[in-house]
Undergrad: 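Below is a structure I'd like to ask you about.
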Amino acid sequence: MDAAFQREQQRITEVIQTINNELQQLVGESSQLKNERNNIQKYFWDEVKVNVESFDDYLETMIGLRQETQALAVNQSMHRHANKKSSKLRKMKDNPYFGRIDFREDREKTTDEIYIGIATLTDEANDEILIYDWRAPISSIYYESEIGPTYYRTPSHKKITGQLEKKIQYMIRDGQLQTMFDASVTIGDEVLQQVLGQSTDKKMHSIVATIQQEQNKIIRHTGSRLLIVHGSAGSGKTSAALQRVAYLLYKYRESMTADQIILFSPNTMFNSYVSNVLPELGEENMQQVTFQDYLEHRLGDEMKLENPYDQLEFILTAKNQEGYGQRLQAIKYKASPAYFEAMERYFVSLSEEGMLFHDLNFNGEVIMTKEQLYNQFYSENLGMKLHNRLDLLKESILKLLKETEKKAIKSDWILDEIELISDDRFTKIHKIMAKKKGYRPSEYDEYDLTHRDLAIYLVKRKMNKLRKKVNNVDFIDSKTIYRHLFDWLVQDNLTLWSEIRIDTFRKMDLDELYYEDATPFLFMQELMKGFQTNRQIRHLLIDEAQDYSAFQFEFLKRLFPAANMTVLGDFNQAIFAHAKDTNDFMSLTSLYGEDETAVVNIQRSYRSTKEIIEFTKSIVPNGESIVSFNRAGSRPVVTTHTSKKALHDALSKQIHDFQNHGYQSIAVICLSDEECVEAYEALSNIPNIKRVKQSTSEYEVGTVVIPSYLSKGIEFDAVIVYNASTEVYADDSLRKTFYTVCTRAMHALQIHSVGSVTPLLEAVPENRYEMN
């Protein structure tokens with residue numbers, strides 16, 4: 001062991017000792033704060049004298065309450081801060097830092113040694129920063145600069161110039177220095193090779209120690225409202241974006257919190273897969289949701305919604321069914337900017353005619369007909385915006401409901417209902433009303449429930465459902481208004497518009513909506529009622545963005561008007577019907593304009609071995625621009641079989657071989673869920689094999705059978721393509737799906753086929769795979 005190595009190990013030991021000392025101190029502080037909080041809560045009312053006899057007494061009481069409440073809030077804030085700091089320090093104990101730069105500022109004689117880790121560590125006694133947070137401005141040099149002249153910018157944008165004299169990378173495990181070496185580029189191949197060569201597990205991990213220069217541009221970008229990241233499969237788009245969230249939380253720590261950031265992810269299983277990244281860095285997770293979750297939240301009470309994967313399942317399995325062509329046309333049109341603009345024009349027309357309403361019923365009687373609502377809406381306030389006119393109509397209806405309530409209290413039917421009320425129900429109402437009147441439980445018997453109070457309670461109870469409907473403006477007949485859109489919008493350029501119209505109506509007659517109709521239907525409701533915007537959200541992160549339609553992006557922009565967006569995608573993986581003919585995100589520049597939009601293209605792929613990347617990039621037309629990281633492995637293998645039984649026998653043996661090789665995650669990827677059922681049943685003899693479904697909420701390491709569309713965004717040690725035959729992957733419409741499936745493999749890719757193999761392989765040079 002040389003002297004330099006010994007010095008570095010000695011420093012690591014001293015840093016860990018400092019961490020332990022800080023942890024010990026924080027434990028003491030946390031315990032003291034907890035005791036203080038308990039005392040505040042225990043003696044809260046002893047410290048506050050409640051006296052309201054005079055205004056001065058009342059004022060003194062309010063001041064006392066405020067002081068005690070503030071003391072409790074300060075204590076809780078300090079306790080949270082101590083716990084968060086303790087959590088970061090515990091994560092740093094075994095691996096306190098991963099890099100170092102030797103930087104000498106211009107006009108300075110001494111060189112500063114800057115050690116970089118997941119969080120800042122300060123030696124208070126010597127007023128020295130022992131470790132710099134990887135997000136600190138000076139740390140950007142580590143990721144962006146090579147040896148020689150360089151600079152960084154302070155938070156106030158001041159440019160600090162100097163010389164990068166040395167860059168060192170460390171591998172530290174359990175407090176012991178494993179290796180260290182000079183690196184003249186952002187990250188040495190030795191570390192990245194080792195990281196990429198490991199088996200995957202059930203969670204995505206932080207890439208903070210291996211961030212590449214192109215990824216760093218994504219992470220630290222702050223110059224535009226919309227950042228579009230277009231990257232090849234395995235280029236680290238998602239990892240960089242999650243590090244970006246951590247960076248934003250650091251940079252804007254005084255004004256932004258994790259609950260002001262939303263990640264729109266492809267499915268709930270993906271949410272679980274990426275949930276570990278931010279906690280690894282000592283940050284709280286942002287909100288995570290799928291777009292389907294949001295649609296269900298807003299529309300699920302009205303109608304049953306098709307989800308995007310049921311739509312995909314139809315596209316993949318129903319090619320021979322009647323109506324397949326019209327459904328494809330409908331999906332593409334309803335996802336387009338043209339449909340969005342048509343709906344806006346339709347909405348404008350509703351100012352003059354076309355709004356439809358439901359009758360308002362109370363206790364079995366119509367108190368206002370849909371015709372009366374229509375006439376009142378189109379005879380008053382014609383110069384106002386439509387949603388403001390609806391608000392005024394709503395206020396008018398609510399006044400009517402109050403009058404109806406007053407009449408109902410004296411009506412014969414309420415007298416009959418009171419006569420028939422059971423003793424148990426009377427007792428329950430008595431308690432509710434006594435509590436409402438301010439009686440304590442011990443005083444309930446003293447309360448006399450009058451006949452009038454009972455009538456008021458029963459009428460209000462019966463009226464609540466209708467009042468809620470009116471307050472939510474649910475007296476609009478949204479379904480019929482949406483149907484009339486199809487009559488109003490004559491589409492000469494769609495040859496099957498009449499069939500699309502009939503099919504959409506057939507679905508709605510069942511109180512169901514196709515996935516392609518859900519966002520437009522909600523958009524129409526929002527236009528009429530006034531958008532329920534959320535201005536608290538500061539940043540949207542949209543992964544697998546190629547799966548979103550232009551219509552959905554416009555909707556999200558209006559829904560979150562104060563938010564910036566980071567959009568990540570790869571059009572080589574655009575497997576949804578509406579996106580298959582699109583090859584770039586440039587149409588998104590219209591969301592905020594070119595001046596507020598930045599585009600980053602990353603083409604280097606790190607996930608797979610060089611052999612797998614060379615194979616997969618040949619599948620797609622523009623794939624040759626993808627650059628592989630130089631990690632060697634075996635070429636993909638394509639094997640044909642004469643029967644399904646031969647296929648299943650071969651797969652069982654293949655899985656067994658992979659398991660013996662030490663692969664932790666093995667995926668048998670089928671085209672559709674329908675195919676997964678067949679494969680899972682045939683392979684059920686394999687111990688602990690699992691079938692991943694749409695409802696699967698957490699990805700678990702092991703051997704899985706999974707449909708193509710649920711495998712997106714996830715990586716596996718070894719991938720087996722279940723049946724890449726001419727029959728299954730028949731034509732060019734599935735090229736991107738086939739590419740997506742194959743790019744899930746990190747170390748090994750095996751492609752099997754019953755009968756002749758897919759013609760999609762014709763584009764792949766024969767020297768890039770082996771044929772059995």
Undergrad: I'd like to know if Arg607 pairs up with Glu715 as an ion pair, taking the criterion as any Lys NZ or Arg NE/NH1/NH2 lying under 4.0 Å from an Asp or Glu carboxylate oxygen.
TA: yes
Undergrad: Checking Glu544 against Gln546: is there a side-chain donor and acceptor pair closer than 3.5 Å?
TA: yes
Undergrad: With a 3.5 Å cut-off and no angle check, do the side chains of Asp2 and Gln6 form a donor-acceptor pair?
TA: no
Undergrad: Under 30°, 30 to 60°, or over 60°: which ring-plane class applies to His747 and Tyr663, parallel, tilted or perpendicular?
TA: parallel
Undergrad: Look at Glu22 together with Lys85 and state whether they make a salt bridge at an N to O cut-off of under 4.0 Å.
TA: yes
Undergrad: Tell me, do Thr150 and Phe103 make a side-chain contact under 4.5 Å, heavy atoms counted?
TA: yes
Undergrad: Students often mix this up, so state it plainly: with edges at 30° and 60°, are the rings of Phe555 and Phe531 parallel, tilted or perpendicular?
TA: tilted
Undergrad: Between the side chains of Thr154 and His157, does any donor sit under 3.5 Å from an acceptor?
TA: no
Undergrad: Examine the side chains of Ser265 and Asp543 and answer whether a donor and an acceptor come within less than 3.5 Å of each other.
TA: no
Undergrad: Please tell me whether Asp293 and Thr290 have a donor and an acceptor in their side chains that are separated by less than 3.5 angstrom.
TA: yes
Undergrad: Between Lys736 and Phe571, is NZ or CZ placed under 6.0 angstrom from the six-membered ring centre and within 45° of the ring axis?
TA: no
Undergrad: Taking the six-membered ring for Trp, are the ring centroids of Phe553 and Tyr548 within less than 6.0 Å of each other?
TA: yes
Undergrad: Hey, does Leu130 have a side-chain heavy atom less than 4.5 Å from the side chain of Glu128?
TA: yes
Undergrad: So, Thr589 versus Glu594: side-chain donor-acceptor pair below 3.5 Å or not?
TA: no
Undergrad: Under 4.0 Å between a Lys/Arg side-chain N and an Asp/Glu carboxylate O for Asp102 and Arg104?
TA: no
Undergrad: With a 4.5 Å cut-off on side-chain heavy atoms, are Ile19 and Leu121 touching?
TA: yes
Undergrad: Kindly indicate whether the side chain of Asn95, heavy atoms from C-beta on, has any atom under 4.5 Å from the side chain of Tyr170.
TA: no
Undergrad: Determine whether the aromatic ring centres of residues Tyr115 and Tyr132 are separated by less than 6.0 angstrom.
TA: no
Undergrad: Regarding Glu280 and Lys88, does a basic nitrogen lie under 4.0 Å from an acidic carboxylate oxygen?
TA: no
Undergrad: Would you say that Ile12 contacts Pro96 through its side chain, given a criterion of any heavy-atom pair below 4.5 Å between the two side chains?
TA: yes
Undergrad: Under 3.5 Å, side chain of Lys167 to main-chain N/O of Ser145, donor-acceptor pair present?
TA: yes
Undergrad: Between Asp547 and Lys712, is there a salt bridge with N-O shorter than 4.0 Å?
TA: yes
Undergrad: Do Arg604 and Ser235 have side-chain atoms, one donor and one acceptor, less than 3.5 Å apart?
TA: no
Undergrad: Between the side chains of Asn216 and Glu144, does any donor sit under 3.5 Å from an acceptor?
TA: yes
Undergrad: Does any part of the side chain of Pro137, heavy atoms only, come nearer than 4.5 Å to the side chain of Pro155, both counted from C-beta?
TA: yes
Undergrad: Should Tyr247 and Arg220 count as side-chain neighbours, where that means a heavy-atom distance under 4.5 Å?
TA: yes
Undergrad: Could you verify whether a donor N or O on one side chain and an acceptor N or O on the other, from Thr161 and Asp106, lie under 3.5 Å apart?
TA: yes
